[in-house]
Amino acid sequence: EEDLLNDVCREVVEKWSDSQVVDAKEEKEDEVQAIASMMEKQARIVVKPKEVSSQEEKQRKAALLAQYANVTDEEEYPFPVLAETGPLGDNVTLFRNTNVEDMLNARKLERELLRDEFQKKKEQDKLQREKDKLAKQERKEKEKKRTQKGERKR
């Protein structure tokens, strides 16, 4: 019986290992098949160019193309050419580069604000000094009055 039991166990293990190998092969085949089907689907998907169906649309498209194709040398740059020199002395053509001007204006505005703040602070300091001076003078007068009272009592 033991021999028979060992043979049965060995047979079960062999069958199980064979089935695992077959399952692994089937999984690989399934993966390959899935990838192949995805590639086929992607190959079938083709973007079809839009077809202009009506004659009216064809005429409109032709008119637009003709309009843009008929640009003369004078119309090539419809913007007026500016013959100015910028703040750095460079010749400005077509468009003015306002970045430098904007930066200079921003710095100028910042300096003006700082100057105004400094002026305000200066005035406040002056007022504070005057207040301190008046307070000191009042203290001296009070001290003087106290000393005069003390001398009268003697």
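Here the structure is a predicted model, which is why all the values come from computation and not from measurement.
- Separation of atoms CG (L104) and CG (N99) is listed at 11.0 Å; rounding is to 0.5 Å.
- Ion pair E56/R60 flagged as a salt bridge, since at least one NZ, NE, NH1 or NH2 atom sits closer than 4.0 Å to an Asp/Glu carboxylate oxygen.
- Applying the 4.5 Å side-chain rule to ILVMFWY residues, one finds M39 in the same cluster as I35.
- With sequence neighbours left out, the side chain to side chain donor-acceptor pair (under 3.5 Å) criterion links R115 to no other residue.
- Put simply, the side chain of T98 never gets that close to the backbone of E101: no donor and acceptor are under 3.5 Å apart.
- With rounding to the nearest 0.5 angstrom, the NZ atom of K121 is 10.5 Å from the CD atom of Q128.
- Going from atom CG of L113 over to atom CD of E110 covers 8.0 Å, rounded to the nearest 0.5 Å.
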Step-by-step side chain to side chain contact (heavy atoms under 4.5 Å, CB included) determination, Q124 to L127: CA-CA 5 Å; Q124 288 176 349; L127 289 174; 5.6 Å; no
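- Using a cutoff of 4.0 Å between basic side-chain nitrogens and carboxylate oxygens, K120 and E117 are not scored as salt-bridged.
- Using a 4.5 Å heavy-atom threshold, the side chains of D116 and Q119 count as separate.
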Starting from the C-alpha separation in whole Å, work towards a yes-or-no answer on salt bridge (Lys or Arg N to Asp or Glu O under 4.0 Å) for R146 and E143. CA-CA 5 Å; R146 261 189 269 137; E143 182 70 28; 3.2 Å; yes
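- Proximity of Q148 to K144: side-chain heavy atoms (C-beta onward) are separated by under 4.5 Å at one or more points.
- Within a 6.0 Å sphere centred on CD of E112, heavy atoms belonging to other residues, nucleotides or ligands number more than 12.
- The CE atom of M38 sits 8.0 Å away from the NZ atom of K41 when rounded to the nearest 0.5 Å.
- Residue K133 holds its NZ atom at 13.5 Å from CD of E138, rounded to the nearest 0.5 Å.
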Where do K15 and D18 land on the salt bridge (Lys or Arg N to Asp or Glu O under 4.0 Å) test, with the steps shown first? CA-CA 5 Å; K15 294 280 184 183; D18 289 343; over 6 Å; no
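- Within the model, atoms CG of D125 and CZ of R129 stand 6.0 Å from one another, a figure rounded to the nearest 0.5 Å.
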